[in-house]
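Worksheet for the structure shown next.
Every chain is numbered from 1 and lettered A, B, ... according to where its sequence line falls, protein lines coming before strand lines.
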There are 2 protein chains.
Amino acid sequence: MSHGMAGRESKSRLDAYEAVFGALAHPARRRILLAVYFAHGEMSAGEIAAMFPHAWQTTTRHLQVLEAAGLLSHERQGRNRIYRLERKRLTLVTEWLATFFRKP
Amino acid sequence: MSHGMAGRESKSRLDAYEAVFGALAHPARRRILLAVYFAHGEMSAGEIAAMFPHAWQTTTRHLQVLEAAGLLSHERQGRNRIYRLERKRLTLVTEWLATFFRKP
DNA sequence: CAAACATTCAGCCGCGTGGCTGAATGTCGC
DNA sequence: GCGACATTCAGCCACGCGGCTGAATGTTTG
């Protein structure tokens with residue numbers, strides 16, 4: 001018990017998978033991630049919302065889901081909100097997939 | 001236009017992403033894939049259903065979702081249905097992820 | 001063939017999700 | 001400070017999803 005929350009870690013890890021895979025399930029959210037990536041990792045909420053036909057309020061919620069999953073972070077810049085891609089978080093998925101391709 | 005259905009391909013490809021990411025969104029379905037993998041790639045519907053607290057009919061539907069996404073296939077063996085893991089299909093996800101980690 | 005077993009098919013239902021609209025918040029320019 | 005702008009917050013509604021139960025299908029064994 002040297003490091004404190006040993007048992008907890010795996011619990012919250014499962015939640016993390018849940019959040020990340022859940023976030024990736026929606027096509028609009030996958031598009032957002034790709035768009036931000038191709039815009040060199042940063043994009044304002046307005047620019048992102050402009051990509052979609054639906055109301056920007058809807059996009060706002062998608063952004064919140066992505067941020068809650070740890071896939072995006074934001075920072076206020078003047079009157080805009082700049083969203084930044086958190087690529088490290090995607091490695092969770094990579095890890096999960098890697099299980100299936102390990103040679104025994 | 002040398003290869004014929006050029007425009008179509010990307011359409012169905014998008015559907016494929018939709019199906020695969022959608023299938024992976026549910027924790028029970030992720031568990032099923034892992035379980036089948038650790039059982040050396042094959043498992044009967046009954047064995048899979050036994051892993052979960054909920055009714056087996058519910059698991060049946062999860063299996064259908066996974067099969068529709070191309071992540072599992074099945075084959076009748078006596079009175080059991082044997083499900084087999086289709087690892088190749090997971091490479092769709094790998095590809096999608098790879099985009100984010102290419103060095104320019 | 002009948003009974004037992006493994007599994008799916010069909011239909012019901014409650015809840016979360018994703019779309020919308022209408023207000024609220026925060027920031028810049030004059 | 002006021003008005004314009006960018007963005008979020010709050011609340012509404014419809015639809016799909018994932019759970020359930022009850023019947024149907026197909027297969028083996030005596």
Side-chain angles (χ1 to χ4, degrees), chain A residues 14-36 39 41-86, chain B residues 14-36 39 41-86:
Chain A
L14 285 193
D15 287 349
Y17 280 128
E18 184 71 358
V20 170
F21 278 104
L24 294 181
H26 199 287
R29 292 194 287 258
R30 290 196 299 277
R31 273 197 65 194
I32 291 176
L33 291 181
L34 283 170
V36 175
E42 293 193 351
M43 225 171 154
S44 81
E47 290 175 299
I48 296 171
M51 299 171 32
F52 296 97
H54 50 240
W56 15 283
Q57 289 94 324
T58 300
T59 302
T60 292
R61 270 233 290 264
H62 283 312
L63 290 174
Q64 288 170 346
V65 171
L66 287 167
E67 188 161 21
L71 292 166
L72 289 181
S73 63
H74 81 269
E75 169 197 0
R76 175 148 234 138
Q77 205 165 100
R79 49 182 154 186
N80 307 3
R81 257 184 185 206
I82 306 294
Y83 279 89
R84 172 176 305 139
L85 180 62
E86 297 291 336
Chain B
L14 284 194
D15 287 350
Y17 281 127
E18 184 72 357
V20 170
F21 278 103
L24 294 182
H26 199 287
R29 293 194 287 259
R30 290 196 300 278
R31 274 196 64 194
I32 290 175
L33 291 180
L34 283 170
V36 175
E42 293 194 352
M43 225 169 153
S44 81
E47 290 174 299
I48 296 172
M51 299 171 33
F52 295 97
H54 51 240
W56 15 282
Q57 288 95 325
T58 300
T59 302
T60 291
R61 270 234 290 265
H62 284 312
L63 291 173
Q64 287 170 346
V65 171
L66 286 166
E67 188 161 22
L71 292 165
L72 289 181
S73 64
H74 82 268
E75 170 197 359
R76 176 149 232 135
Q77 205 165 98
R79 50 181 154 185
N80 307 3
R81 258 186 184 205
I82 306 294
Y83 279 89
R84 171 176 306 139
L85 180 62
E86 296 291 336

Completion exercise
In whole angstroms, the gap separating P of D:dG22 from CH2 of B:Trp56 amounts to 11 Å

Handout entry: Distance below 4.0 Å between A:His62 side-chain N/O and C:dG19 OP1 or OP2
Key = yes

Practice task
Could you tell me the separation between the CD atom of B:Gln64 and the CG atom of B:Leu72, rounded to the nearest 0.5 Å?
Solution key: 11.5 Å

Practice task
Look at the side-chain N and O atoms of B:Thr60 and state whether any lies under 4.0 Å from the OP1 or OP2 oxygen of C:dC9.
Solution key: no

Handout entry: Short side-chain N/O contact from B:Arg76 to OP1 or OP2 of C:dT7, under 4.0 Å
Key = no

Exercise for the section: Return the 5'-most residue of the pair A:Gly22, A:Arg79 with respect to DNA chain C, ranking by each residue's nearest nucleotide. Expected result: A:Gly22

Exercise for the section: Please examine the side chains of B:Tyr83 and B:Glu42, heavy atoms only from C-beta on, and report whether any two atoms are closer than 4.5 Å. Expected result: no

Problem - Interatomic distance, B:His26 NE2 vs C:dC15 C1' [rounded to whole Å] - result: 13 Å

Problem - Any A:Gln77 side-chain nitrogen or oxygen under 4.0 Å from OP1 or OP2 of D:dA6 - result: no

Practice task
Give a yes/no on whether any side-chain N or O of B:His74 is located under 4.0 angstrom from OP1 or OP2 of C:dA6.
Solution key: no

Handout entry: Under-4.0 Å side-chain N/O to phosphate OP1/OP2 contact, B:Thr58 with D:dG18
Key = no

Handout entry: Straight-line distance of A:Leu71 CG to A:Leu85 CG, nearest 0.5 Å
Key = 8.0 Å

Fill in the blank from the handout: By nearest-heavy-atom nucleotide on DNA chain C, the more 5' of B:Ile82 and A:Ala28 is B:Ile82

Problem - Spacing between B:Gln64 atom CD and C:dT7 atom C1', to the nearest angstrom - result: 11 Å

Problem - side-chain N/O A:Tyr83 vs D:dT8 OP1/OP2, d < 4.0 Å - result: yes

Exercise for the section: Look at all strands and tell whether B:Phe52 reaches a base, only sugar-phosphate, or nothing, counting heavy atoms closer than 4.0 Å. Expected result: nothing

Exercise for the section: Report yes if a donor N or O on one partner sits less than 3.5 Å from an acceptor N or O on the other, where the partners are the side chain of B:Gln57 and the base of D:dG18; otherwise report no. Expected result: no

Practice task
Look at the side chain of A:Arg61 against the base of C:dG18 and say whether a donor-acceptor pair falls under 3.5 Å; ignore hydrogens and angles.
Solution key: yes

Problem - Step-by-step salt bridge (charged side-chain N to carboxylate O under 4.0 Å, His left out) determination, A:Glu47 to A:Arg81 - result: CA-CA 10 Å; A:Glu47 290 175 299; A:Arg81 257 184 185 206; over 6 Å; no

Exercise for the section: Grab the CG-P distance between A:Asn80 and C:dG29 for me, whole Å please. Expected result: 11 Å

Exercise for the section: Find the distance between CE (A:Met51) and CE (A:Met43) and round it off to the nearest 0.5 Å. Expected result: 5.5 Å

Exercise for the section: Quickly work out the A:Leu63 CG to D:dT8 P distance and round it to whole Å. Expected result: 6 Å

Exercise for the section: Whole angstrom is fine here: how far is it from CG in B:Leu24 over to C1' in D:dC17? Expected result: 16 Å

Practice task
Give the rounded distance in Å between these two atoms: CZ of A:Arg81 and P of C:dT25.
Solution key: 14 Å

Practice task
Rounded to the nearest angstrom, tell me the gap between atom CG in B:Leu66 and atom P in D:dC17.
Solution key: 14 Å

Exercise for the section: On the 0 to 90° scale, with breaks at 30° and 60°, tag the A:Phe52-A:His54 ring pair as parallel, tilted or perpendicular. Expected result: parallel

Handout entry: Phosphate contact (C:dA6 OP1 or OP2) by B:Ser44 side-chain N/O below 4.0 Å
Key = no

Handout entry: Nucleotide nearest B:His54 (side chain, heavy atoms from C-beta), chosen from D:dG19, D:dC9, D:dT21
Key = D:dG19

